[in-house]
**Student:** 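Sharing a structure here in structure tokens format.
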Amino acid sequence: MNAHAWKALLALLICTASACSRSDTATPAATAGEATARSGAVNADRVTAADDEPGSWMSHGRTYDEQRFSPLEQVDRHNVDRLGLAWTYKLDVNRETEATPIVVDGTMYVTGAFSIVSALDAATGKELWKFDPKVPRDKGRDGCCGVPNRGVAVWEGKVFVGAYDGRLIALDAGSGKPVWQTDTIVDHQRSYTITGAPRVVKGKVVIGNGGAEFGVRGYVSAYEADSGALAWRFFTVPGDPEQPPENKAMEIARPTWKGTRYASFGGGGTVWDSMAYDPVLDLLYIGTGNGSTWNRHLRSPGGGDNLFLSSIIALRPDTGEYVWHYQTTPGESWDFTATQHIVLADLSIDDVPRKVLMQAPKNGFFYVIDRATGELLSADKFAPATWASHVDPETGRPVETEIADWGKTAQLIAPGPLGAHNWQPMSFNPQTGYVYIPMQEAMALYVPDPQQTYSGKGTWHLGTQPLALPESSAELRAAAESLKGHLIAWDPVTRREVWRQSHVTLWNGGTLSTAGGLVFQGSADGRFVAYAADSGEKLWETPAHTGVMAGPISYEIDGEQFVSVAAGWGGAFPLALGGLSEPAKVRASARVLTYKLGGRAKLSPPRYEPAPLPEPPPLSDDAERIARGRDLYNTHCGACHGMSAVAGSVLPDLRYLTPARHESFDAILGGALAARGMPSFSATLSADDIDAVRQYVIKRAHDLQDDLARQGTQAEARRTP
């Protein structure tokens, strides 16, 4: 038996011992000898000394401090206009693409939707291997915002990926073959997912889960990198109030929750994205998410801060031991997560050197915190925020306005659930001292539903009336025009915005800053752009033919600097609020785009599939039935196909259903298309409910037909991929 055969047998035995239960596949691009990538020999010394290898991008934010700053300077403000496309790589699924590629020793590791991993030659884009974890396509129902994956971690010859269905999987970096996998989910009766990128700290793979909107209890887990054995788990909110607290942290948190109802809703506080690590202080920092439900009166009757929702928490990475916390939004009630990008830096604050942690979470305030102690140093509005007037510097608490509490009366509040800054990563440039933030302006009307109870897996639990959009096309256009997106440069020392560039709408890309004096960012309307880091002047742009949301990277091969970004439209905004995303006018085409000076590759033309609006079935005259169908649709269908039956350009717009699809409507909602991603609602909706939903969809098709007739238009670009 040759060496390659022994290696394959060993991988199979390890996989069997680790209970690999799926037919997960790693597909080589060529013969075994040609396809193997390099070893991925990343370790603590290499990541800690990442600046000694400026041509690599070995960790999610390049360095443990997550600054997303590249020391490379071959591409600078004087020659950036010579950037051209070096190569592209087509990802498998045209959905939300949110990954930060990792580049180690000439190999790029990148993920797409449904957690599919590709290893590429970083100089040419040639595929070396691909691994598909075979996530069930109807699993998307268990997540709020599509089926994204934000990337992998590479460590000592392994590539780690968190699969959307909750598995943490270790792959051989050279072949893509599974080495081990483990189930991270503590309760399969709840809608847990993984969308974030793992981090590896001191030989432990750290990963959190998503699902707060669906009623889960948040936690973060650490697994041994060599074996997949659970090292520790830190829950972020208390569990069953009838049971004693598990540890010191839960002893601190328990008194801040009132009543017992929170346990039925799970509590929330999921750790679904940001982490950072300080190897000198030996502290791991995690950001926690929103409450479950959003409505604090329903979740925790009697009030309370509800620790550790919407908090930054410092832990010991060896044990998961709690060290300190800072809560950005006590009593969280607006989906104001603190899972947004965490950046570590050394700054001079009031002429005193400070080791700081910085975050611009959803709530609209920019925080500078002493990362050794958790002391608040400053908190200032970086975006419109009507829910709080300011943060009290003495107490560190936001001062809520009279409109903040919507638990009993509906209120229009800024920011809304999309946040002043969402998951798209910001970056910090130590040369300018600025933080570059993808800022958003979006208000939302919160309408309480005090009667909501936990109703099972795959169902949203917000404590609000069903989210909806205006059904009038004129009102919808006005609402879309009210949304604004900007790239802002923020000075954390002088506590002010220095410059901004505005976009056509929100949901723009993460940022990269470089020693060449540049800031790179993609846009919702399908562009990839470079700005001057000091002034914000736009220096270069190129079409991407799809929305670009992920954070770019830069790396070097054989003395040549590359800039790369994973591009692909999707996520909460174009899915649930598709009717507001129209100004972007992009399609959901997923690919890696990589540029270099003098690059001459060609980008394939944009996907565009115009189609006429099919003649809808006759409209029911049962107004009450249609109204019930509207609420059922917005509760169960709107998060994917667009609230009020107006989709974006990612998933099908149900107003365009063909006669055949209308005929099979019951079967489709019964699971006939589950293998293609449309889950079954047979356990949730009755036959009468399903018919009410269909009647509402028909009504909205007639509304569109009337709009087109008024405009003298016979056809509209059909909003399906």
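FYI, side chains are in, hydrogens and waters are out, and symmetry mates aren't considered; it's all heavy atoms of this structure. In this text, all values refer to a predicted model and were calculated from it rather than measured experimentally. In what follows, residues are counted from 1 in the order of the sequence shown.
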**Student:** Examine Trp294 together with Trp334 and report whether their ring centres are nearer than 6.0 Å.
**Tutor:** no

**Student:** Decide, yes or no, whether a salt bridge links Glu66 with Arg199 under the criterion of side-chain N to carboxylate O below 4.0 Å.
**Tutor:** yes

**Student:** Between Arg495 and Phe366, is NZ or CZ placed under 6.0 angstrom from the six-membered ring centre and within 45° of the ring axis?
**Tutor:** no

**Student:** Between Thr329 and Asn363, is any side-chain donor less than 3.5 angstrom from a side-chain acceptor?
**Tutor:** yes

**Student:** Kindly indicate whether the side chain of Val447, heavy atoms from C-beta on, has any atom under 4.5 Å from the side chain of Leu467.
**Tutor:** no

**Student:** Looking at Leu632, is its backbone amide N or carbonyl O close enough to the side chain of Thr635 to form a donor-acceptor pair, meaning the two atoms are under 3.5 Å apart?
**Tutor:** no

**Student:** Report the C-alpha distance between Thr464 and Asn295 in whole Å, list the side-chain angles of each, state the deciding distance to 0.1 Å, and finish with yes or no for side-chain contact (heavy atoms from CB on, under 4.5 Å).
**Tutor:** CA-CA 7 Å; Thr464 68; Asn295 188 338; 5.7 Å; no

**Student:** Are Arg150 and Thr195 linked by a side-chain donor-acceptor pair shorter than 3.5 Å?
**Tutor:** yes

**Student:** So, His297 and Asp405: side-chain donor and acceptor under 3.5 Å apart, yes or no?
**Tutor:** yes

**Student:** So Gln359 and Ile312, do their side chains get closer than 4.5 Å, heavy atoms only?
**Tutor:** yes

**Student:** Can you list every pair that meets side chain to side chain donor-acceptor pair (under 3.5 Å) and has a residue in residues 255-270, with sequence neighbours left out?
**Tutor:** none

**Student:** Could you pull out all residues at least two apart from Asp305 that satisfy salt bridge (Lys or Arg N to Asp or Glu O under 4.0 Å)?
**Tutor:** Arg397

**Student:** Report the distance from atom CD1 of Ile698 to atom CD1 of Ile626, rounding to the nearest 0.5 Å.
**Tutor:** 8.5 Å

**Student:** On the 0 to 90° scale, with breaks at 30° and 60°, tag the Trp423-Trp507 ring pair as parallel, tilted or perpendicular.
**Tutor:** perpendicular

**Student:** Restricting to salt bridge (Lys or Arg N to Asp or Glu O under 4.0 Å), what partner residues turn up for Glu213, sequence neighbours left out?
**Tutor:** none

**Student:** Does Arg254 come within less than 4.0 Å of Glu251, counting only side-chain N to carboxylate O?
**Tutor:** no

**Student:** Indicate whether any N or O donor in one side chain lies under 3.5 Å from an N or O acceptor in the other, for His636 and Tyr633.
**Tutor:** no

**Student:** Main chain of Ala639, side chain of Trp460: is a donor-acceptor contact present, judged purely on distance under 3.5 Å?
**Tutor:** no

**Student:** Side chains of Thr184 and Asn209: any donor to acceptor distance under 3.5 Å?
**Tutor:** yes

**Student:** Mind checking side chain to side chain contact (heavy atoms under 4.5 Å, CB included) for Tyr454 and listing every partner two or more places apart, or none if nothing turns up?
**Tutor:** Arg190, Phe265, His461

**Student:** List the residues meeting ring-ring contact (aromatic ring centres under 6.0 Å, His included) with Trp272, not counting sequence neighbours, and say none if there are none.
**Tutor:** none

**Student:** So, using side chain to side chain contact (heavy atoms under 4.5 Å, CB included) as the criterion, who are the partners of Ala474 when residues are at least two apart?
**Tutor:** Ser472, Arg477

**Student:** Among Val368, Leu377, Val356, Asp380, find the one that has a side-chain contact (heavy atoms from CB on, under 4.5 Å) with Pro492.
**Tutor:** Val368

**Student:** Looking only at non-hydrogen atoms, find the nearest pair between Leu168 and Pro198 and report the distance.
**Tutor:** CD1-CG, 4.3 Å

**Student:** Kindly give the heavy-atom pair with the smallest separation between Ser455 and Thr459, and that separation in Å.
**Tutor:** OG-CG2, 3.4 Å

**Student:** His486 and Glu441: side-chain donor and acceptor closer than 3.5 Å?
**Tutor:** yes

**Student:** For the pair Trp490 and Phe382, name the ring-plane relationship: parallel under 30°, tilted 30 to 60°, perpendicular over 60°.
**Tutor:** perpendicular

**Student:** Would you mind reporting whether Leu283 and Trp324 have side-chain heavy atoms less than 4.5 Å apart?
**Tutor:** yes

**Student:** For Asp370, what residues pass the salt bridge (Lys or Arg N to Asp or Glu O under 4.0 Å) criterion, not counting sequence neighbours?
**Tutor:** Arg354

**Student:** Evaluate side-chain hydrogen bond (donor to acceptor under 3.5 Å, both in side chains) for Thr684 paired with Arg141, printing each intermediate quantity in order.
**Tutor:** CA-CA 12 Å; Thr684 307; Arg141 183 183 178 184; 2.9 Å; yes

**Student:** Between Ser311 and Ile313, is there a donor-acceptor pair closer than 3.5 Å when you use the side chain of the first and the backbone of the second?
**Tutor:** no

**Student:** Tell me the salt bridge (charged side-chain N to carboxylate O under 4.0 Å, His left out) pairs involving residues 284-304, sequence neighbours left out?
**Tutor:** Arg296-Glu400

**Student:** If I compare all heavy atoms of Gly509 with all of Pro438, which pair ends up nearest, and what's the gap?
**Tutor:** O-CG, 3.4 Å

**Student:** Measure the shortest side-chain to side-chain distance between Ile437 and Leu487 over non-hydrogen atoms and say whether it is less than 4.5 angstrom.
**Tutor:** no

**Student:** Regarding Asn306 and Ser300, do their side chains bring together a donor and an acceptor under 3.5 Å, going by distance alone?
**Tutor:** yes

**Student:** Which is it for Tyr192 and Phe214 under the side-chain contact (heavy atoms from CB on, under 4.5 Å) test, yes or no, and what are the steps along the way?
**Tutor:** CA-CA 8 Å; Tyr192 283 103; Phe214 295 84; over 6 Å; no

**Student:** Give me the atom names and distance for the closest heavy-atom approach of Thr505 to Pro583.
**Tutor:** CB-CB, 4.3 Å

**Student:** Is the ring pair Tyr367/Phe365 parallel, tilted or perpendicular, if the boundaries are 30 and 60 degrees?
**Tutor:** tilted

**Student:** Would you please name every residue forming a salt bridge (Lys or Arg N to Asp or Glu O under 4.0 Å) with Asp392, sequence neighbours left out?
**Tutor:** none

**Student:** Which residue pairs satisfy the salt bridge (charged side-chain N to carboxylate O under 4.0 Å, His left out) criterion with at least one member in residues 680-689, sequence neighbours excluded?
**Tutor:** Arg625-Asp688, Arg628-Asp688, Arg628-Asp689

**Student:** Taking all heavy atoms of Glu96 and all of Pro148, pick out the closest pair and write down the distance.
**Tutor:** CG-CB, 3.7 Å

**Student:** When you measure from the side chain of Glu475 to the backbone N and O of Ala478, does any donor-acceptor pair fall under 3.5 Å?
**Tutor:** no

**Student:** I need the full list of side chain to side chain donor-acceptor pair (under 3.5 Å) pairs touching residues 236-248, with sequence neighbours left out, sorted by first then second residue.
**Tutor:** Arg217-Glu246

**Student:** Looking at Trp406, Phe336, Tyr446, which one forms a side-chain contact (heavy atoms from CB on, under 4.5 Å) with Trp387?
**Tutor:** Phe336

**Student:** Between Lys457 and Asp142, is any pair of side-chain heavy atoms under 4.5 Å apart?
**Tutor:** yes

**Student:** Does the side-chain contact (heavy atoms from CB on, under 4.5 Å) test come out yes or no for Tyr164 and Asn149, once each step is laid out?
**Tutor:** CA-CA 7 Å; Tyr164 190 80; Asn149 186 281; over 6 Å; no

**Student:** With side chains defined as the heavy atoms from C-beta onward, is the minimum distance between Asp653 and His641 less than 4.5 Å?
**Tutor:** no

**Student:** What's the verdict on side-chain contact (heavy atoms from CB on, under 4.5 Å) for Val206 and Met275, showing C-alpha distance, side-chain angles and the deciding distance?
**Tutor:** CA-CA 9 Å; Val206 186; Met275 303 178 203; 3.7 Å; yes

**Student:** Do Lys362 side-chain atoms and Pro417 backbone N/O form a donor-acceptor pair below 3.5 Å?
**Tutor:** yes

**Student:** Which heavy-atom pair separates Pro574 from Val650 by the least distance, and what is that distance?
**Tutor:** CB-CG2, 4.2 Å

**Student:** With sequence neighbours left out, write down each residue that passes side chain to side chain contact (heavy atoms under 4.5 Å, CB included) with Ala163, or none if nothing qualifies.
**Tutor:** Ser115, Pro133, Val135, Asp165, Arg167, Ile169

**Student:** Any donor-acceptor pair under 3.5 Å linking the side-chain atoms of Ser620 with those of Arg694?
**Tutor:** no

